Amino acid sequence: MSRRHRAGKDMPDVPKGQLPPHLELQRTRVLCASDAPTHTETFQYSGAYAASGVDNSLRLDEFRKNLRIEIKSLTEDDIEFDIIGIDAALANAFRRILIAEVPTMAIEKVLIANNTSVIQDEVLAHRLGLVPIKADPRQFTEKTEEDVANEKNTIVFNLHVTCTRQGDRLKNASVKSDQLKWLPKGSEYEMTSADSKLKTYTSFSCSQDSIPPFDKDIICPRHPDILLAKLRPGQTIELEAHAVKGLGKVHAKWSPVATARYRMLPEVILMEDVEDNFAEELVQKCPVNVFELEDLGKGKRAKVARPRACTLCRECVRGDDWEKRVQLRRVKEHFMFSIESTGALPPEELFVEAIKILVEKCQRVLTELS
């Protein structure tokens, strides 16, 4: 007797082309027991469930039909959304691209004319490099070592601060990022090399503030209150900082996100009615208030009120017989995604850029294979 015929004989109530409930649960959910998760693997090849007559291969039309993106919250710097209908590998590809391959502008070269503060030149240059720059990187080109710094590949900032005493108070004792002043016409420092054809360290053919969109939206640090240095009376910092386009995989200062993370959607299931003392115990066991008490008049019953808040700490399934009452799951094809932008681009645009980069990678692979 063939395996397919035997499976049909053992499970006569299962419709043809569908998995029995226990296999469908294993295919779509990760079960989180008190000791360890199970059914964590994913199967997307056609023969995974051939014995049940189910073709599990990935089809583009089915992928398009099942794919959904639902935005849960959106602010100036953060976005949280759900991606439904993708595999963990694709979700992780978006995360890695957001961290390492979406370009931004960051300070790369620092020309220090005077620094009498206690902070070493190298440390000061490193701090400046980590200041997020509010400038759309899509308006600039990448600068190689052979390229001359111009208005299309370089942003120049000037910092000149001296601490002075005014009576009992100190002026400019704290050097902050808002004291970085944009120089739209390029560098003001003269080249010291006699054989150089450049008069300054940049060669701008026009002022950047005449180029859209910078004619209306000036370039500046994203956050004005980042502390760069502390000065005492008489100490001075005078420098020029040149920002160029780069990628986070080269240096973290070019990463456009403070964090990009995802996790599978938690699913909390009550296997039976949890009432009275057990209900109160269950509510107290959860540290993030997933459960609430429901008044029945003659007693109380626990209900799942906030399943998305569940961190899967598994406190609710620990203890005698609690795994029989509560079941924790993760939905394998439903991801809760969160992006926190550093400020170079809005968070929703960052995700769109990540999709474009992934599409370019796929097209490059297809080109190489053809």
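Everything numeric here is computed off the predicted structure, so don't read it as measured data. We number each residue from 1, following the sequence as shown.
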Does [X] pair with [Y] as a salt bridge, N-O distance under 4.0 Å?
X      : Y      : result
Asp77  : Arg222 : yes
Glu294 : Arg301 : yes
Glu70  : Lys72  : yes
Asp321 : Lys324 : yes
Arg308 : Asp82  : yes

Looking at His39, Gln327, Glu267, which hits side-chain hydrogen bond (donor to acceptor under 3.5 Å, both in side chains) with Arg29?
-> Glu267
Any non-hydrogen side-chain atom of [X] less than 4.5 Å from a side-chain atom of [Y]?
X      : Y      : value
Pro184 : Ser207 : yes
Thr164 : Asn172 : no
Ile237 : Leu228 : no
Met105 : Trp254 : no
Met336 : Glu80  : yes
Leu239 : Leu111 : no

Neighbour count above 12 (heavy atom, 6.0 Å) for [X] [atom1]:
X      : atom1 : result
Asn277 : CG    : no
Glu41  : CD    : yes
Glu76  : CD    : no
His160 : NE2   : yes
Lys143 : NZ    : yes
Lys171 : NZ    : no

Of all residues at least two apart in sequence or in a different chain, which pass the salt bridge (charged side-chain N to carboxylate O under 4.0 Å, His left out) check with Arg59?
-> Asp55
Report the C-alpha separation of Ser117 and Gln235 in whole Å, then their side-chain angles, then the decisive distance to 0.1 Å, and conclude whether the side-chain hydrogen bond (donor to acceptor under 3.5 Å, both in side chains) test is met.
-> CA-CA 6 Å; Ser117 70; Gln235 293 180 346; 5.7 Å; no
Would Arg263 and Phe337 satisfy side-chain contact (heavy atoms from CB on, under 4.5 Å), going step by step from the backbone distance to the final call?
-> CA-CA 7 Å; Arg263 64 188 182 108; Phe337 218 102; over 6 Å; no
So if you build clusters from Ile, Leu, Val, Met, Phe, Trp, Tyr with side-chain heavy-atom gaps below 4.5 Å, do [X] and [Y] land together?
X      : Y      : answer
Leu128 : Ile219 : yes
Leu345 : Ile71  : yes
Leu358 : Leu98  : yes
Ile269 : Leu25  : no
Val288 : Leu328 : yes

Check whether [X] reaches the backbone of [Y] with its side chain - one donor and one acceptor, N or O, closer than 3.5 Å.
X      : Y      : result
Ser255 : Ala252 : no
Thr342 : Pro256 : yes
Glu368 : Val365 : no
Asn66  : Glu62  : yes
Ser177 : Ile226 : yes
Lys285 : Arg318 : yes
Thr75  : Asp78  : yes

Cut-off 3.5 Å, side chains only: do Ser187 and Thr202 have a donor facing an acceptor?
-> no
Does a side chain donor of either Glu24 or His22 reach within less than 3.5 Å of an acceptor in the other side chain?
-> no
By the salt bridge (charged side-chain N to carboxylate O under 4.0 Å, His left out) test, which pairs, at least two apart or in different chains, include something from [range]?
range            : result
residues 241-262 : Glu108-Lys253
residues 87-106  : Glu101-Lys361
residues 116-136 : Asp136-Arg138

Residue pair Leu247, Val102: steps toward the side-chain contact (heavy atoms from CB on, under 4.5 Å) verdict = CA-CA 6 Å; Leu247 301 176; Val102 176; over 6 Å; no
Quick one: do Leu183 and Glu188 satisfy side-chain contact (heavy atoms from CB on, under 4.5 Å)? Show the steps, please.
-> CA-CA 8 Å; Leu183 300 179; Glu188 296 177 344; 3.8 Å; yes
Got a list of side-chain donor-acceptor pairs under 3.5 Å for residues 149-159, not counting sequence neighbours?
{"residue": "Asn150", "atom": "OD1", "partner": "Lys152", "partner atom": "N", "Å": "2.8"}
{"residue": "Asn150", "atom": "OD1", "partner": "Asn153", "partner atom": "N", "Å": "3.2"}
{"residue": "Asn150", "atom": "ND2", "partner": "Val148", "partner atom": "O", "Å": "3.3"}
{"residue": "Glu151", "atom": "OE1", "partner": "Ser205", "partner atom": "N", "Å": "3.0"}
{"residue": "Glu151", "atom": "OE1", "partner": "Ser205", "partner atom": "OG", "Å": "3.4"}
{"residue": "Glu151", "atom": "OE2", "partner": "Ser205", "partner atom": "OG", "Å": "2.6"}
{"residue": "Asn153", "atom": "OD1", "partner": "Asn150", "partner atom": "N", "Å": "2.9"}
{"residue": "Asn153", "atom": "ND2", "partner": "Val148", "partner atom": "O", "Å": "3.3"}

Does the side-chain contact (heavy atoms from CB on, under 4.5 Å) test come out yes or no for Lys109 and Glu240, once each step is laid out?
-> CA-CA 8 Å; Lys109 180 189 290 185; Glu240 254 188 19; over 6 Å; no
Aromatic rings Phe335 and Tyr262: how do their planes relate, parallel, tilted or perpendicular, breaks at 30° and 60°?
-> perpendicular
Test side chain to side chain donor-acceptor pair (under 3.5 Å) applied to [X] - qualifying residues, sequence neighbours left out:
X      : answer
Asp147 : Thr144
Ser34  : Glu323
Glu333 : none
Arg325 : none

Can you sort out the partners of Ala173 under side-chain contact (heavy atoms from CB on, under 4.5 Å), two or more places apart, ordered by chain and number?
-> Cys163, Leu170
ring-ring contact (aromatic ring centres under 6.0 Å, His included) contacts in which one or both residues fall within residues 200-229, not counting sequence neighbours | Phe140-Phe214
Residue pairs fulfilling ring-ring contact (aromatic ring centres under 6.0 Å, His included) with at least one residue in residues 349-370, sequence neighbours excluded = Phe81-Phe351, Phe94-Phe351
